[in-house]
Structure formats: structure tokens, C-alpha cells
Amino acid sequence: MKKASIITYGCQMNVNESAKMSNIFQSLGYEMTENIDESDLIFLNTCTVREGAATQIYGKLGELKHIKAARGSIIGVTGCFAQEQGRELLKKFPQIDIIMGNQNIGKIPQALDEIEHKTEKHIVYTDCEDDLPPRLDADFESQKTASISITYGCNNFCTYCIVPYVRGRERSVPLDQIIHDVEKYAKKGYKEIILLGQNVNSYGKDFKNGDNFAKLLREICKVEGDFIVRFVSPHPRDFTDEVIDVIAENEKIARSLHLPLQSGSTKILKAMNRGYTKEQYIALAEKIKERIPGVALTADIIVGFPGETEEDFQDTLDVVQRIQFENCFMFMYSIRRGTKAATMENQIDEDVKKDRLQRLIALQNSCSLEESKTYLGKTVRVLVEGESKKNKEVLSGRTSTNKVVLFKGDKDLEGKFVNVKINECKTWTLYGEIVE
Ligand code: 5AD
Ligand code: SF4
């Protein structure tokens, strides 16, 4: 049997698109494998958010060159880096057979056919970046978690970010299609459904029928089945009271919200084109915490954006200290060619960036530990994910707040919800025992 493998970089959106690619390959008769050495078909699903991504992808392509020479494997590159580079990639790596943007993965069967029958030497599809891609079935690695893209593209143009240039203008998937997918996954027994979009709460802004994110969430919660709904990422600027209310009213929606902060300084937020101030962000986060008791907040934060002074950085630390995020994804600003911030003159020294990142991580780690400790003695509902990877003796699962919990139990509980009483709390992991 022919074998195929997909190497996925980057965000959840790519993970979702890789699941669709996997489904396509299997329907074409390929068996999926993680071992690229035995693959007849190797696809890299790439990311281009950070400039460093290119180096990583070039490294991998170098490796694939040898596999192709040995086995004659077909090599494909998809995702944002492929979309951005297009045909250019062939100059450096002529051994690539297929280059496809995110909108085009539905054409993979056709492309493979042409390559296999040698009607074309290379296939490059990177157009249609502003269309809604065709609906494709996905094969998720997990039997518990499914994801659904609800919007494609982004209209925000945060000045550091390349995404709007690569993924095109924002467009929403019709509500009934999303509900249809949710029903399908709920019926199949998926326990966690993740809604994806660059800015999920601007869902429906391109419709004339009034459908919006709040309505979508409300409709999804009506779908029968015991599942948790998560979504990434909302934009703080567009977070309406209506959405907060819907979450508060519906236990099906996870008590975990990712609310990208990016910076705590109003001056830097403005330079980033984020559309909110430090105070507005804090007010929103506090309102969410008040109206949705027990909610865990997470954020993305960038340090060392052009023009960031020590005082600006202190503003970021101040917000982190005040909001007490459960966890943060913290990045040093990296110059991304093609964005507005890349041309700003007041770029920050790498050493200063590194120092700030270390200080931010130290503060966040202590906040995360404090957050963790609040679970001590509590009983939490946990979705069992299976044996812990590090210790086969225990099961691993996650709470609605997305906390990892380890506990003893039967392997058959995988994919089920159990109640666990927490008796030990470390920064990233809770430990407990199953109770009735
Ligand atoms: N430099 C550093 N971080 C960036 N991000 C996006 N672009 C850049 C950049 N040029 C971060 C943002 C975003 C996350 C996905 O990646 O924090 O929310
Ligand atoms: Fe990039 Fe901002 Fe759009 Fe997110 S909202 S994808 S950070 S431009």
C-alpha cells in the first residue's frame, strides 16, 4: 500500500487543514504514516507568521530531497508559506512537485493525478485566496477533538502580522454549514469541538442576514450531545456583551477564553493597530471574569515591538499581574518582511527583547502557579484523553478551563467525562482522583 505523511507547522487552522488533507490521501488509497522515510507522498503544511519559519522549512525540504532521490516520493508544500512564496519556492527547491495555497487543497487529487501521469512537471495553485474554500471532510487524529473553520482570512492588519496578506480578506462560512458539521461531529461522538478563525467574533460581518458570532454559538449549543465548544481566537476589540452572555448561559462553551493582549501599553497597541487601549482590555477581561465565574483566560503577548520602552513593557507586566492569565503564549517581536512594523525605524535590540521575554515568562510562571493552586480540593469535570504520554500508569485529561489533569483510572474511560478531585497542583498540571 502506498504511504503518505503530512508534517504540520503553525496554528490550529493548519492542523485542521492537515486533517482534511489526510482524509483526501486516504480516499486516494494512501495509508498515513509518521515515518517520512517510508512515504511515497510527503506534504509540508507550512506557516509563515515568523520569519524563522522559512529556515525550518528549508531545512526540512533539504532532508526531503534525499528521500525523493532514494524513493521517488512526491513532495508537496501547502499552507501560508506556500501561498506566500508560490512559484519562487521552485527556484531553491526544484524537487517540489506541488505547491498549494490554503484555498486549493481540494484540488490535491487532480494535482497528484497530473504529477503521477507526468502531464505537468510542477503544479502550483496559489490563487483564489479570497474565496471560501470548498467544504472538505476531515480525518482528525483524535477521536475526541474536531475543529471547524468558521471564518477564513483577516481584515485587521495588525502592523506586525503577515496573515492578512497571505490568507486574504475575511469571509465567513454560512451558519447552516457550520451547524451541519457540529451535528455530524456530535453524532460521531466527538467531545470537543473547536471553532477556528483569525478573528472569530467578527463572524458574519460579511453577511447581510444578521447572523453573528453570538447567534452561531447559541445555535451550536442547541445541538444535541455532550460536547465542549472552544474557539480561537476572538479579538478583544470585537468582543460583544452578547457573546459574553451566551457563554455565561451555556455550560457547553468552555470556561477558557483566549484573549490576545499583544501589549499592555496603549501607545504600543496603537502602533500595532489593535483598536483598544490598556484600560479597555483590562475592563473587558474583568467583565468576562465577573460574568463567567471560573473562566480561565489566556493570551498572546509580544515583547520588543518597535518603539517599546521599559515603561511600555512595565505596562505589559502590569496587565499580566492584574489579569492573572492561566497561561500566555509569549513572543519576542520578529521583523516580518511585508508588514508595516518591519519598516518602523525604532526597532528594539535583540538583547533587550530577550531580557524582557525572560522577565515576562518569570512573572507569568508565577501567575500560572497561583492560578493552578486555586484548584486544590476542588472537584472538576475532566474529558479523559487517554494514558499520559510520560507515565502510562495514569490517565490524562483536560478540564473545561483547559487544565491538564492526571489521575488513576481505567483506560476504557478514554473519551468520557469524569469527575476528579484535585489533591496536588503544579504550574501546568493538576493531580487528583476520580470521584463519583
Ligand atoms: N512577531 C512576533 N510575534 C508575532 N505574532 C504574529 N506576528 C508576529 C511577529 N511579527 C504572534 C502574535 C499572534 C500570534 C499567533 O503570533 O502574538 O497573536
Ligand atoms: Fe494577524 Fe491581527 Fe489578523 Fe490576528 S487579528 S491574524 S494578529 S492581523
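Everything numeric in this text was worked out from a predicted model, so none of it was measured. Note that ligands are numbered from 1 as they come in the structure, with each ligand's atoms numbered from 1 the same way.
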Participant: What atoms of ligand 2 come within less than 4.0 Å of a heavy atom belonging to R274?
Facilitator: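 Reading through ligand 2 atom by atom, the close ones are 2 (Fe).
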Participant: Salt-bridge test for E385 and K144: reply yes if a basic N is under 4.0 Å from a carboxylate O, no otherwise.
Facilitator: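 Not counted as a salt bridge, because no side-chain N and carboxylate O are separated by less than 4.0 Å.
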Participant: Numbering the atoms of ligand 2 from 1, which are under 4.0 Å from a heavy atom of C154?
Facilitator: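 So the atoms of ligand 2 that pass are 3 (Fe), 5 (S), 6 (S), 8 (S).
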Participant: What's the shortest distance from atom 9 (C) of ligand 1 to any protein heavy atom, and which residue and atom give it?
Facilitator: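 Of every protein heavy atom, S334 O, 3.6 Å lies nearest to atom 9 (C) of ligand 1.
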Participant: Nearest to atom 7 (N) of ligand 1, what protein heavy atom do you find, and at what distance?
Facilitator: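 For atom 7 (N) of ligand 1, the nearest protein heavy atom is Y160 CD1, 3.3 Å.
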Participant: For ligand 1, is E51 a contact, meaning one of its heavy atoms is under 4.0 Å away?
Facilitator: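 False for this residue.
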Participant: Just jot down the ligand 2 atoms closer than 4.0 angstrom to any heavy atom of F157, in number order.
Facilitator: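 With F157 as reference, the close atoms of ligand 2 come out as 8 (S).
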Participant: Is it the case that the side chains of Q26 and S22 hold a donor-acceptor pair, with the cut-off being a distance below 3.5 Å and no angle test?
Facilitator: yes
Participant: Would you say T8 and N14 are linked by a side-chain donor-acceptor pair, where the criterion is simply a distance under 3.5 Å?
Facilitator: no
Participant: Which of the atoms in ligand 1, numbered in the order shown and given with their element, are less than 4.0 Å from a heavy-atom of R50?
Facilitator: 2 (C), 3 (N), 4 (C), 5 (N), 11 (C), 16 (O)
Participant: Quick one: nearest non-hydrogen protein atom to atom 4 (Fe) of ligand 2, plus distance?
Facilitator: Q198 O, 4.2 Å
Participant: How about Y333 and E308: does a side-chain donor come under 3.5 Å of a side-chain acceptor?
Facilitator: no
Participant: Measure the distance from atom 17 (O) of ligand 1 to every protein heavy atom, then report the residue, atom name and distance (to 0.1 Å) of the closest one.
Facilitator: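 Of every protein heavy atom, Q262 OE1, 2.7 Å lies nearest to atom 17 (O) of ligand 1.
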Participant: Going from CG on N104 to OG1 on T78, what distance comes out if it is rounded to the nearest 0.5 angstrom?
Facilitator: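 OG1 of T78 is found 10.5 Å from CG of N104.
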Participant: Which word best sums up how the rings of F93 and Y58 line up, parallel for under 30°, tilted for 30 to 60°, or perpendicular for over 60°?
Facilitator: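 Judged by the thresholds at 30° and 60°, the geometry between F93 and Y58 is parallel.
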Participant: Check the pair N365, I361 against side chain to side chain contact (heavy atoms under 4.5 Å, CB included), reporting the backbone distance first and the verdict last.
Facilitator: CA-CA 6 Å; N365 284 351; I361 290 173; 3.7 Å; yes
Participant: Out of curiosity, is P260 lining ligand 1, as in a heavy atom under 4.0 Å away?
Facilitator: no
Participant: Which ligand 2 atoms does Y160 reach within 4.0 Å, using its non-hydrogen atoms?
Facilitator: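 Answer, ordered by atom number: 7 (S).
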Participant: Check the angle between the aromatic planes of F43 and F25 and answer parallel, tilted or perpendicular using the 30° and 60° thresholds.
Facilitator: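 Rings of F43 and F25: tilted, 30 to 60°.
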Participant: Kindly indicate whether a cation-pi arrangement holds for R50 with F331, taking the cut-offs as under 6.0 Å to the six-membered ring centre and within 45° of the axis.
Facilitator: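 Yes, R50 and F331 form such a contact.
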Participant: Who's the nearest protein heavy-atom neighbour of atom 5 (S) of ligand 2, and how far?
Facilitator: N156 ND2, 3.2 Å
Participant: Are K267 and D315 within salt-bridge range, i.e. N to O under 4.0 Å?
Facilitator: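 Salt bridge flag = no for D315 with K267.
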Participant: Between F331 and ligand 1, which residue portion shows a heavy-atom distance shorter than 4.0 Å: side chain, backbone, both, or neither?
Facilitator: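 Under 4.0 Å from ligand 1, F331 contributes side-chain atoms alone.
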Participant: Give the contacting part of M272 toward ligand 2: side chain, backbone, both or neither, where contact means a heavy-atom distance below 4.0 Å.
Facilitator: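 M272 to ligand 2: no contact under 4.0 Å from either part.
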Participant: Hey, which atoms in ligand 2 end up nearer than 4.0 Å to a heavy atom of P164?
Facilitator: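 Answer, ordered by atom number: 8 (S).
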Participant: Centres of the Y185 and F140 rings: under 6.0 Å?
Facilitator: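 Y185 vs F140: aromatic centres under 6.0 Å.
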Participant: Do me a favour and list the nearest non-hydrogen protein atom to atom 1 (Fe) of ligand 2 with residue, atom name and distance?
Facilitator: C161 SG, 2.3 Å
Participant: Looking only at protein heavy atoms, which one is nearest to atom 2 (Fe) of ligand 2, and how far off is it?
Facilitator: C158 SG, 2.3 Å
Participant: Counting only heavy atoms, tell me which of K353, M332, M272, R337 gets closest to atom 2 (C) of ligand 1.
Facilitator: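 Nearest heavy atom to atom 2 (C) of ligand 1 lies in M332.
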Participant: What protein heavy atom lies closest to atom 15 (C) of ligand 1? Include the residue and the distance to one decimal.
Facilitator: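 Sorting protein heavy atoms by distance from atom 15 (C) of ligand 1 puts D300 OD2, 3.9 Å first.
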Participant: Regarding S265 and S263, is there a side-chain donor-to-acceptor distance under 3.5 Å anywhere?
Facilitator: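 On atom types as modelled, these side chains do not qualify, holding no pair under 3.5 Å.
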